[in-house]
Structure formats: structure tokens, C-alpha cells
S.K.: 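Below is the structure I would like to discuss, written out as C-alpha cells.
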Amino acid sequence: MEYAIQTHELTRSFGSLIALNDLNLQVPQGTVFGVLGPNGAGKTTMIRLLLGLLRPTSGKAEVLGYDISTQSHQIRQYSSALLEHDGLYERTSAEHNLMFWGRACRMSSSEIRSRIQVVLELFGLYERRKDILGEWSRGMKRKLAVARALMNEPNLLFLDEPTSGLDPVSAAEMRQHLSDIVNQQGVTVFLNTHNLAEAEQLCQQIAVLSNGCLLACDTPENIRRSASSNEVLITGSDWPDMAMVQDIPGIISLTPHPNGHLQVTLEQGAVVAPLIKELVMAGASIEEVRRDTASLEQALLTLVEGKPNGA
């Protein structure tokens, strides 16, 4: 597997404050990689380090194969970023905004004209290219800001809360656009977001930061599963003697109830499938197996519980 980003014990301190602490991370190419965490967790510091805008106190990282300490110019040449503020010039047109950005990226005039059409058509804005931005809605401006970030055809796109403040329809359109960019163009998207539903929908992997430390890095499903309840409720009848199945690995307790329910407590990480198999073989009739799965929000709260915010 090829990685767009690899960090090794990446650390950044500001005096006595450790903003990012021994970060070890691998971001696969051509995916949406999400970063979650409370305000002040170290997310913005991490992006600035990866773009070469800050130097690490210790540790190292490679972005698109380039060292963040010695080859930051190449990193910024082949990547792009849209952070908290759009930075659009609202007294001029969408077309002029993109022309200015293209020149800043040292693109030729022909490249700029061609690319403007491509990125504006991608977001359905080409027919409005002559409009003054001050007349546009927030959603349209945000689309233009992402389109601008794509002008230089980046291999890696850093985004900070791209759907913040958008109405549900505009936010859904933005998520679809980002998904299309990844699937059709192979761009890697590094996404900072507080929108947990968005992270779960878009991201193939999620990193959870708190107090500058990496608490978890996995698929949304696995992160939710890690915080899920160890209690399983089985509905059925004709339960066998519980002594016959009590010794199955991973089972802490089995409690039959008069209403036909069997309450099962599992060890952390254990699965219920072996128990179900043994119950059926012993003559039980199973109607339903229900295990409460934590939401991504619950999993995030579980991970950061009791950890003070950093910077």
C-alpha cells in the first residue's frame, strides 16, 4: 500500500506546551482520511507541520514522499489546503478569483483558462463565473473555495470543516463532490471535521486526537465497535442448561429471563457467534440477537473522557 502521509514520532512544542506528541500516522493514497478531536487537540498544528509551515520539535514526516523539514516547497507544489477561512475576494468575480489563484500557483494562461472551466463545471458553477461573489450564497462560496483549492490539480487536499455553516442540501452536495474527487481523480483528502456523521459517511479511516496525542486510528466501524457494549440480548426459547455453554471462551455470564430473553455479558473484544452456534446445537430456537453498537459520538467521548484539551 502506498501512503500520501507518513509520520514517525512527530512532535511540536511551544515552550512548555506540547501541541503534538509522538504522532505516528499513515494515510493511504486515494482515500478520505478524517481527523476528529476536541478544540485544541492539535489538529491545526498537525496540518501546519505537514504543509511545512511549522518545523517539528522532534520526529519526522513525509508527505507525498517529501520530507516536511527539507522539501516543504515540493509538498506545497503538489498539495493544496482550504483551512478555516475561505480567503475569497468578494468584490470580484468567481473567474477572477480563480485566475488570481492560478497565477499564484505559477500556471500558464492557457492552463488557467482550461482549469477554471474544469473545476467550475465540477461544482456546477461555470455558468455563474462572471458573477460578483458578494451576491453568492455561503454554500456557493464554499464550493468555489474548494474549486480554487483544486486549481493546481493537487495529489493531496487538506480541508478544515468544508461543510461548516452550510445548509443540509449544500452540505450533502459538498460531500458528494469530495467523494467524486477521490473516486474519479485519485486525490487524497485529509479532512478535519467536527461533523461526526460526515466523517462516518466520507472517511475510510479516522484518527482521534486529544491533548496532542493520537488516541485511535482505524475505520469508523472499528472505532465504534471498540466502544460498543459488551452486553448481548438473545431472544428465543427452549434454552438448554446454561452449564453446557458456560465455558465458551469470551463469555463472562449468561442470565436467562422469564420473558424468553437471554442476557449475555462478553469479555472485551469477544464475539457472540460461538455461543449462538452452541445454543442452536443444544436445541435452542433463536429469534433475535441484539448487541448495542456505540455511535461514533459515543466512541469519541469514550476515547477522550478525562483528557484535558491541549493546543
Side-chain angles (χ1 to χ4, degrees), residues 4-5 25 27-28 30-48 50 80-88 122-124 136-150 154 156-183 187-228 293-305 307 309-311:
I5 297 171
L25 203 62
V27 178
T31 63
V32 182
F33 187 92
V35 182
L36 302 177
N39 291 332
K43 302 188 297 296
T44 300
T45 297
M46 176 171 55
I47 287 182
R48 289 175 177 168
L50 295 175
S80 192
L82 174 59
L83 303 182
E84 183 178 359
H85 301 292
D86 292 342
L88 297 172
L122 176 66
F123 289 93
W136 280 17
S137 67
R138 180 180 176 86
M140 292 174 66
K141 293 174 186 176
R142 199 60 173 167
K143 287 180 183 179
L144 180 64
V146 177
R148 183 192 61 190
L150 293 171
L156 173 61
L157 180 60
F158 292 94
L159 295 176
D160 191 2
E161 300 286 342
T163 61
S164 176
L166 300 187
D167 64 80
V169 173
S170 296
E173 290 176 348
M174 178 65 76
R175 286 191 289 270
Q176 185 60 56
H177 289 313
L178 294 177
S179 180
D180 290 343
I181 290 167
V182 173
N183 294 331
V187 176
T188 304
V189 174
F190 191 92
L191 177 68
N192 274 359
T193 181
H194 286 110
N195 188 325
L196 302 185
E198 179 172 276
E200 192 157 16
Q201 179 180 340
L202 278 177
C203 300
Q204 285 76 55
Q205 288 191 19
I206 290 174
V208 180
L209 284 181
S210 181
N211 197 32
C213 298
L214 180 65
L215 304 183
C217 184
D218 211 328
T219 65
E221 180 182 0
N222 285 342
I223 289 177
R224 286 191 292 105
R225 185 181 293 123
S226 68
S228 296
T293 302
S295 66
L296 192 57
E297 180 180 22
Q298 291 169 327
L300 181 65
L301 291 173
T302 298
L303 286 167
V304 303
E305 185 177 9
K307 294 185 178 292
N309 290 352

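Basis for what follows: all heavy atoms, side chains included, without hydrogens, waters or symmetry-related copies.
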S.K.: Strictly distance-based, threshold 3.5 Å: is any side-chain N or O of N195 a donor or acceptor partner for the main-chain N or O of A197?
M.R.: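 Yes, the answer is positive, given that a donor and an acceptor are paired below the 3.5 Å cut-off.
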
S.K.: Would you compute the distance between atom OG of S164 and atom NE2 of H194 and round it to the nearest 0.5 angstrom?
M.R.: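 Nearest 0.5 Å value for the OG-NE2 distance: 9.5 Å.
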
S.K.: With a 4.5 Å limit on heavy-atom distance, are the side chains of M46 and V35 in contact?
M.R.: yes

S.K.: Atom CG in N192, atom CG in L159: separation rounded to 0.5 Å?
M.R.: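 Answer for the CG-CG pair, N192 versus L159, is 9.0 Å.
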
S.K.: Could you walk me through whether L202 and S179 pass the side chain to side chain contact (heavy atoms under 4.5 Å, CB included) test, one step at a time?
M.R.: CA-CA 7 Å; L202 278 177; S179 180; 4.2 Å; yes

S.K.: State, yes or no, whether a side-chain contact exists between L191 and P162 at a heavy-atom distance under 4.5 Å.
M.R.: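 The answer is yes, as the side chains (C-beta and beyond) meet within the 4.5 Å cut-off.
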
S.K.: Can you check whether A171's main-chain N or O pairs, donor with acceptor, with T163's side chain at less than 3.5 Å?
M.R.: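 Flag not set: sc T163 to bb A171 has no pair under 3.5 Å.
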
S.K.: If you round to the nearest 0.5 Å, how far is CG of L178 from SG of C203?
M.R.: 10.0 Å

S.K.: Which residues satisfy the side chain to side chain contact (heavy atoms under 4.5 Å, CB included) test with T219, sequence neighbours excluded?
M.R.: E221, N222

S.K.: To the nearest 0.5 Å, what is the distance between OG (S170) and CZ (R138)?
M.R.: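 It comes to 10.5 Å.
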
S.K.: For F158, give me all partners under ring pair (Phe, Tyr, Trp, His ring centres under 6.0 Å), at least two apart in sequence or on another chain.
M.R.: F190

S.K.: Are any non-hydrogen side-chain atoms of V187 and L156 less than 4.5 angstrom apart?
M.R.: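 No - every pair of side-chain heavy atoms lies 4.5 Å or more apart.
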
S.K.: Is any side-chain heavy atom of V189 closer than 4.5 Å to a side-chain heavy atom of F33?
M.R.: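 With C-beta onward as the side chain, the pair stays apart.
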
S.K.: Does any non-hydrogen side-chain atom of T188 lie less than 4.5 Å from one of I5?
M.R.: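 No - every pair of side-chain heavy atoms lies 4.5 Å or more apart.
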
S.K.: Between M174 and F123, is a side chain to side chain contact (heavy atoms under 4.5 Å, CB included) present by the stated rule, with each step listed?
M.R.: CA-CA 8 Å; M174 178 65 76; F123 289 93; 4.3 Å; yes

S.K.: If I compare all heavy atoms of L83 with all of D160, which pair ends up nearest, and what's the gap?
M.R.: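 Heavy atoms of L83 and D160 come nearest at CA-CB, 3.7 Å.
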
S.K.: Under the salt bridge (Lys or Arg N to Asp or Glu O under 4.0 Å) test, which residues partner D86, sequence neighbours left out?
M.R.: R142

S.K.: For the residue pair W136 and K141, what are the closest heavy atoms and their distance?
M.R.: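 What the structure gives for the nearest pair is O-CE, 3.3 Å.
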
S.K.: Between L144 and R148, does a side chain to side chain contact (heavy atoms under 4.5 Å, CB included) hold up when you go through it step by step?
M.R.: CA-CA 6 Å; L144 180 64; R148 183 192 61 190; 5.5 Å; no

S.K.: Within this structure, what is the CD-CG distance for the pair E200 and L196, rounded to the nearest 0.5 Å?
M.R.: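 The CG atom of L196 is 8.5 Å from CD of E200, to the nearest 0.5 Å.
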
S.K.: The criterion is side chain to side chain contact (heavy atoms under 4.5 Å, CB included); which residues satisfy it with L214, sequence neighbours excluded?
M.R.: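 Side chain to side chain contact (heavy atoms under 4.5 Å, CB included) check on L214 returns L23, L25, A207, L209, C217.
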
S.K.: So how far is it from R224 CZ to T302 OG1, rounded to the nearest 0.5 Å?
M.R.: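 If we round to the nearest 0.5 Å, R224:CZ and T302:OG1 are 13.0 Å apart.
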
S.K.: Taking the side chain as C-beta and beyond, is there a heavy-atom pair between I223 and L296 under 4.5 Å?
M.R.: yes

S.K.: Considering all heavy atoms of both residues, which atom of P154 and which atom of A149 are nearest to each other, and what is their separation?
M.R.: CG-O, 3.6 Å

S.K.: Tell me, please, which residues at least two apart from R175 pass salt bridge (Lys or Arg N to Asp or Glu O under 4.0 Å).
M.R.: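 Testing R175 for salt bridge (Lys or Arg N to Asp or Glu O under 4.0 Å), a comparison that skips the adjacent residues, returns E198.
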
S.K.: Measure across P220 and I206 and return the closest heavy-atom pair with its distance rounded to 0.1 Å.
M.R.: CG-CD1, 3.6 Å

S.K.: Could you pull out all residues at least two apart from Q176 that satisfy side-chain hydrogen bond (donor to acceptor under 3.5 Å, both in side chains)?
M.R.: D180

S.K.: Got V208 and V304 here, is their nearest side-chain heavy-atom distance under 4.5 Å?
M.R.: yes

S.K.: Does a side-chain heavy-atom distance below 4.5 Å link Q205 with T31?
M.R.: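 They are not in side-chain contact.
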
